[in-house]
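Below, read A as the first sequence line, B as the second, and so on, with proteins coming before strands; counting in each chain starts at 1. Because the structure is a prediction, the values reported are computed rather than measured.
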Amino acid sequence: MRIPCPICGSRDIREFDYMGHAQALDRPDPGAGAQAWDDYLHNRDNPAGPTRDLWFHGMGCGAWLVVERDTVSHEVTGATLARDVKGGAA
Amino acid sequence: MRLDKPGQIDRTQPLSFTFDGREYSGFAGDTLASALIASNVRVVGRSFKYHRPRGVFTAGSEEPNALVTIGQGAAAEPNLRATTSELCEGLVARSQNRWPSLDYDLLALNDLFAPFLGAGFYYKTFMWPAKLWERLYEPFIRRAAGLGALSGAPNADHYEKAYAHCDLLVIGAGPAGLMAALAAGRAGLDVILADEDVRTGGRLNAERIEVDGRPGADWAETVTDELRGMGNVRIMTRTTVTGAYDGGTYGALERLSPEVAARTGAPRECFWRIATRRAILAAGALERPVAFRNNDRPGVMMAGALRAYVNRWAVSPGKTVTVFGNTDDAHRTAADLLAAGVHVAALIDARPEAGTDLPVRFYAGAQVVNAHGRGGLEAISIATLSGIDKVQTDCLAMSGGWNPTLHLTCHMNGRPDWSPALAAFVSRDGAVPGLLTAGACRGDFSTHGCLAGGLAAAKAVLKDLGKRARATDLPVAEDAPYRISPLWAVPGKGRAWLDFQNDVTVKDVKLAATENYSSVEHMKRYTTQGMAPDQGKNSNVNALAVLADATGRGIPETGTTTYRPPYVPVPIAALGAGAQGAGFAPQRFTTSHDLSVEMGAPMVEAGLWYRPGWFPREGEKTWRQSCDREVGMVREAVGVCDVSTLGKIDVQGPDAPAFLDLLYTNMFSTLKVGRARYGLMLREDGHVMDDGTTARLGAHHYLMTTTTAAAGQVMKHMEFVHQCLAPQMDVSFISVTEQWAQFAVAGPKSRDLLNGILDDPVDGDSFPFMACGAVSVMGVAGRLFRISFSGEHAYEVAVPARYGDSLFRLLVDRAGELGGGAYGMEALNVLRIEKGFITHAEIHGRTTAFDIGMERMVSAKKDCIGKAMAARPGLSGPDREQLVGLVPTGAVKKLTAGAHLFDAGAEAVRKNDQGYITSAAFSPTLGHFMALGFLKDGRARHGEEIRMVDHVRQIEARCRVVDPVFFDPEGGRARG
Ligand SMILES: [Zn+2]
């Protein structure tokens, strides 16, 4: 599998660490309550199909990426810098 | 025998080799197989199960019979295909699966017991009693059935792995692949053309086919020359593309030529990962045999292979050859033999309507029903309408039609479709994203079809990638139609082989069907058809056709088994190249490494780092003696220890204070410039991640340290917190671990030692406990931190790494003059346990700030990573196992890490478990053992007598629960 790093270009999957669903970007407020924190940390969808997840380009530029891919076909359809995703959402 | 005609061999370069100890010779350009055929060697191996004599069957990587061991001693490599092994001077080859010799094989007895050795034999016979499996059945099977064996000695040969990138990977350099590479190369694409043969041309090397009015091989050579001249095309011969993977990644195994591999340090094979935007599969087709009685006799071989031997290598496996087939390829074979001056005794075409102009004895609508001759073919029986004809022959070329080599199109779950017109499976377009097929692997079997298909595929790729195609003319070549009348197995008595490599016959497949193993996947496992190293390249389609017939279903309904990578066997040595021994993991050395080794320190692994365990001195016989002395040195004089392996991260920016506040449980925005502070870091789930001191070098400039083990993890975590949670923060950070050499100088005389090397001496006022700042170390700009991991008055002094070696030598020297010296990891560990300082033995991932007694370090004034979840019920309170100190009180004086804790009177079983010991050592300062551990409600139990049980080492000790700080609890020594 290859991931198109916006900084480094198309790179082999071995250069990346996987973290999990991109919901990890949406850290709750400190006082959001147990349910919100539990959902944030532990409860994730496991879709058969398109998904967005976080990858770290540790053996490259050090960027955290939001990668869009399909868990069935393994097709990678895009990757965005996490900081840009956060910047856009804020 | 060698034919008196030209071929692609160099008769001016004779090469001598041995096979089973006998000397033979061949020519440059020969394979081991062609050279053995030239030398009239008919039997090259024994079969897997029945130990039947076998001869060369094909001329390619699909070879099921001619598996040999090449090389000697540790470098001997088993199961190599003689058909793809290049001949070289002095080559030593041995046959396999025979004992004691190829001609006289005792286990050939198996062949007599064949009626008992059919499909499912192992399952049925060795079911009961189970006890006998290990002692009797398995050893028997392993000896009786099998292929070559490894030497068992470490292999000193070199292997390599490598990466390549291109726009277009063309797999196969026959007419289709050459045409595709030519069109793509001329248009400027970055092309890799890979072929498993030693030269390009594919079947054009094996046939007497003309392209543009010239011999096909000449045309191929001209195209190859043009491709070689292009800077954007890379030709990789001897390279088999073994698998198709996600994202346009392909695996490929390159065999280096024997001459290149023989150079010092050169690899034998190289495993490539090729990343490409597009691929064209032009892998050709594999000819399939026909199953008839005794069709495995040496001398029976594939017709296409025979043409290759005659046309390319100028050898013939027989003097009197017969040809049997169900397509026009049988006629082409007979014609080539006649042109080469080889006698053709009969041409048998299974198609009733077939005719021929060739001057040979011709049978239409007839079938070969038996092959005679124990050690090799002597005659065949032919069934005609009028009866059985017996024809004397020493070689039979057979052809049951062609299977497109579509394996790679199925590597990503693609399934092939059945083509009734071709009587073969063909690939579905789009089965592998970005991969097109062209030529025979697509079912276009004529030379014209291959050339046109290659050109069309290249044009499609160019269009797709937005490149303009340059004018490339389509060469003129034959476009003969493919006419086949399917013939899988000739009816009749006796055993007719389907899978030659795994000894599976038509009977076995029928038996599987009878016993209800009627799914093709079940049949495969029950009979082991297709499970040998060749993965059924010759046999899969035939076997499932026989299964379809036996079960009364059609072939499309029966389907195929799954084609998986690799296409050919790949040595583990190539996949794992470079990862043997010390190459398994990178080694990181500190600047003090050389002196440590000179001083005789045993170097121990700490992650990828190597650190000194202790520094033995004359008269010290055990590590404990050295360790105890080093601890005493630090407590009474001064010790020097390299701490450069701790992670050092330089953090800068206006938001650096706020960023560290978010990262750590405690406050760093309030830290004064020129001061350092201990910090605790949690994971978001509320458990401790790491700890370390952070120094404030400027208003917007911090230098934080991590533990050696967690340096990478912490860096990644910081990037996550910054980029994913707080990208608005204006902060930058970078690891400077490698840039600084840092040494702990610890002990009552540490300041004396330092002031001898600092250009401006320090004192208690200018450099109090936890101070930090820039210093000049004998003219070198360095940094000084007054921090202590030993509990003594101590410093850490840092200089740019290039000065590390000389500074360490100087410090050790001067320390010696003061009654001290270097200390290693063992002493460092004892010193920190005496002080109750934690390491990852304690913060092992399941402990909270509460557990280690640091809950007050979680600041109430701010948020931090892990704060919300650390407040969860269950992560604090009396039910938690809390950090305690333990000292022995009974007769057994030793405490061990890993031991579990129990109430004094309780049985040492799991339900009574009260905790465990994480660190233990003998303290020379205290004169007895001490341990750190976690005990349920431990902080409330100081003074209590409990029991330690180490079930693994069988040690049991009584101990008392004490405060985890064993030595100088007030901390006066570090501050003073
Ligand atoms: Zn990158």
Side-chain angles (χ1 to χ4, degrees), chain A residues 1-4 7 9-20 22-38 40-42 54-59 61-67 69-77 80-90, chain B residues 161 163-165 167 244-250 273-277 411-414 430-434 662 683-687 712-713 715-729 731-735 858 860-874:
Chain A
M1 210 165 102
R2 297 181 70 78
I3 291 176
I7 294 172
S10 168
R11 310 293 300 181
D12 192 89
I13 192 175
R14 288 154 183 249
E15 295 181 1
F16 297 84
D17 287 355
Y18 177 70
M19 174 148 168
Q23 74 175 41
L25 294 173
D26 307 321
R27 187 170 185 260
D29 290 333
Q35 187 60 52
W37 276 98
D38 187 30
Y40 171 65
L41 268 183
H42 303 125
L54 282 167
W55 295 74
F56 177 57
H57 199 187
M59 288 167 88
C61 61
W64 277 94
L65 310 179
V66 177
V67 175
R69 64 189 184 97
D70 190 304
T71 58
V72 175
S73 70
H74 298 185
E75 188 186 9
V76 177
T77 47
T80 318
L81 295 177
R83 70 163 74 100
D84 291 348
V85 174
K86 281 293 277 192
Chain B
K161 56 189 173 194
Y163 296 79
H165 302 262
D167 294 325
Y245 304 92
D246 289 315
T249 301
Y250 292 81
R273 287 179 181 82
I274 302 174
T276 184
R277 296 169 75 195
H411 282 183
M412 287 168 67
N413 275 344
V432 171
L662 177 59
R683 296 194 309 244
E684 193 70 280
D685 67 6
H687 293 85
Q713 181 199 353
M715 191 69 190
K716 177 177 158 187
H717 174 66
M718 288 170 69
E719 295 287 8
F720 175 79
V721 173
H722 183 222
Q723 296 177 37
C724 298
L725 303 182
Q728 77 285 354
M729 283 193 182
V731 60
S732 300
F733 45 88
I734 191 167
S735 165
V858 183
K861 294 180 196 148
K862 63 174 183 78
D863 182 27
C864 74
I865 301 297
K867 185 178 175 181
M869 291 307 256
R872 278 184 288 176

In this structure, are over 12 heavy atoms from other groups packed under 6.0 Å from B:Asn413 atom CG?
no
Given heavy-atom pairs under 4.5 angstrom as the criterion, report whether the side chain, backbone, both or neither of A:Ala32 touches chain B.
neither
Does A:Asp12 come within less than 4.0 Å of B:Arg273, counting only side-chain N to carboxylate O?
no
Contact origin within A:Arg14 toward chain B - heavy atom pairs under 4.5 Å:
side chain
CG-CG distance between A:Asp26 and B:Leu725, expressed to the nearest 0.5 angstrom:
9.5 Å
Show the nearest heavy-atom pair for residues A:Trp37 and B:Ala868, with the distance to one decimal.
CE2-CB, 3.4 Å
Show the nearest heavy-atom pair for residues B:Lys716 and A:Trp64, with the distance to one decimal.
O-NE1, 3.4 Å
Applying side-chain contact (heavy atoms from CB on, under 4.5 Å) to A:Ala63 and not counting sequence neighbours gives A:Ile7, A:Cys61, A:Leu65, A:Leu81, B:Gln723
What option among A:Pro30, A:Ala34, A:Ser10 has the most heavy-atom pairs under 4.5 Å with chain B?
A:Pro30
Look at B:Gly248, B:Cys864, B:Cys724, B:Ala726 and state which one has the largest set of heavy-atom pairs under 4.5 Å with chain A.
B:Cys724
Distance from A:Phe56 atom CZ to B:His717 atom NE2, nearest 0.5 Å?
12.0 Å
d(B:Met869 CE, A:Tyr40 OH) to nearest 0.5 Å is 10.5 Å
For the CZ atom of A:Arg27 and the CD1 atom of B:Ile865, what is their distance to the nearest 0.5 Å?
4.0 Å
Can you name the closest pair of heavy atoms from B:Pro727 and A:Arg83 and give their distance?
CB-CB, 3.8 Å
Among B:Glu684, B:Gln728, B:His165, who wins on heavy-atom pairs under 4.5 Å with chain A?
B:Glu684
Is the closest side-chain heavy-atom distance between B:Glu719 and A:His57 below 4.5 Å?
no
With sequence neighbours excluded, what pairs up with B:Ser732 under the side-chain contact (heavy atoms from CB on, under 4.5 Å) test?
none
Please look at A:Leu41 and chain B and tell me whether the side chain, the backbone, both or neither of the residue comes under 4.5 angstrom of a heavy atom of that chain.
side chain
